[in-house]
Amino acid sequence: ARVQRGTVSIARRLQDPLAELVKIDPKSVGVGLYQHDLAQKKLSNSVNDAVESCVNFVGMDLNTCSTSLLKHCAGLSARQATKVVEYREKNGKFQRRSDLMTRA
């Protein structure tokens, strides 16, 4: 079972690295030898800025992404991201972009 969890974790990181990155606390990411010399707040802000930039450049699948990733989308707050996921779980997939504006 332990090997299977590790295998699944690696597979998830390969499938959607951003979705997995947002689940990790910035101080645990392992960005270099001297990362612990940085102010943790500054490190956290830098990682969040990088994730937001990547999410908005690459995009995401609204019908599969987590709240953790969705809240990094430009124009959505954490509260709105939660509402989107709750709507999707209750009503099924969004069919078109306009559904996001009128239903979530």
Side-chain angles (χ1 to χ4, degrees):
R2 187 173 183 201
V3 173
Q4 287 176 332
R5 278 187 295 202
T7 303
V8 169
S9 176
I10 291 169
R12 285 185 180 149
R13 289 179 202 163
L14 289 171
Q15 285 181 322
D16 196 347
L18 279 177
E20 294 303 305
L21 178 63
V22 298
K23 296 177 187 175
I24 302 171
D25 184 28
K27 65 184 174 191
S28 302
V29 171
V31 292
L33 183 61
Y34 300 103
Q35 89 179 48
H36 298 292
D37 293 340
L38 297 171
Q40 294 303 302
K41 180 75 173 165
K42 186 174 183 178
L43 176 63
S44 179
N45 289 341
S46 294
V47 170
N48 285 331
D49 290 346
V51 170
E52 185 173 318
S53 178
C54 290
V55 164
N56 291 301
F57 181 75
V58 174
M60 67 184 88
D61 185 344
L62 182 63
N63 289 313
T64 60
C65 68
S66 66
T67 304
S68 300
L69 186 58
L70 194 55
K71 70 182 181 183
H72 290 283
C73 182
L76 289 179
S77 66
R79 184 172 177 251
Q80 290 168 316
T82 300
K83 284 184 162 189
V84 166
V85 172
E86 288 172 354
Y87 176 88
R88 183 184 69 208
E89 289 172 351
K90 182 179 178 185
N91 300 296
K93 292 183 175 184
F94 289 90
Q95 299 300 316
R96 41 190 121 32
R97 288 181 184 179
S98 60
D99 291 347
L100 179 60
M101 299 302 292
T102 58
R103 299 184 183 165

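Heads up: numbering here begins at 1 and tracks the sequence.
To the nearest 0.5 Å, atom CG of residue N91 and atom CG of residue D99 are 10.0 Å apart. Atom OG of S66 and atom NZ of K71 lie 8.5 Å apart (nearest 0.5 Å). Atom CG of L62 sits about 10.0 Å away from atom CZ of R97, to the nearest 0.5 Å.
Partner S98 forms a side chain to side chain contact (heavy atoms under 4.5 Å, CB included) with one of Q95, M101, R96 and no other, that one being R96.
Closest approach of M60 and L70 over heavy atoms only: SD-CD1, 3.5 Å. The shortest non-hydrogen separation linking A78 to T67 is O-CG2, 4.4 Å. Closest of all the heavy-atom pairs between E52 and H72 is CG-O, 3.2 Å. Across every non-hydrogen atom of N63 and F94, the tightest pair is OD1-N, 2.6 Å.
The backbone N or O of K42 lies less than 3.5 Å from a partner atom in the side chain of S46, making a donor-acceptor pair.
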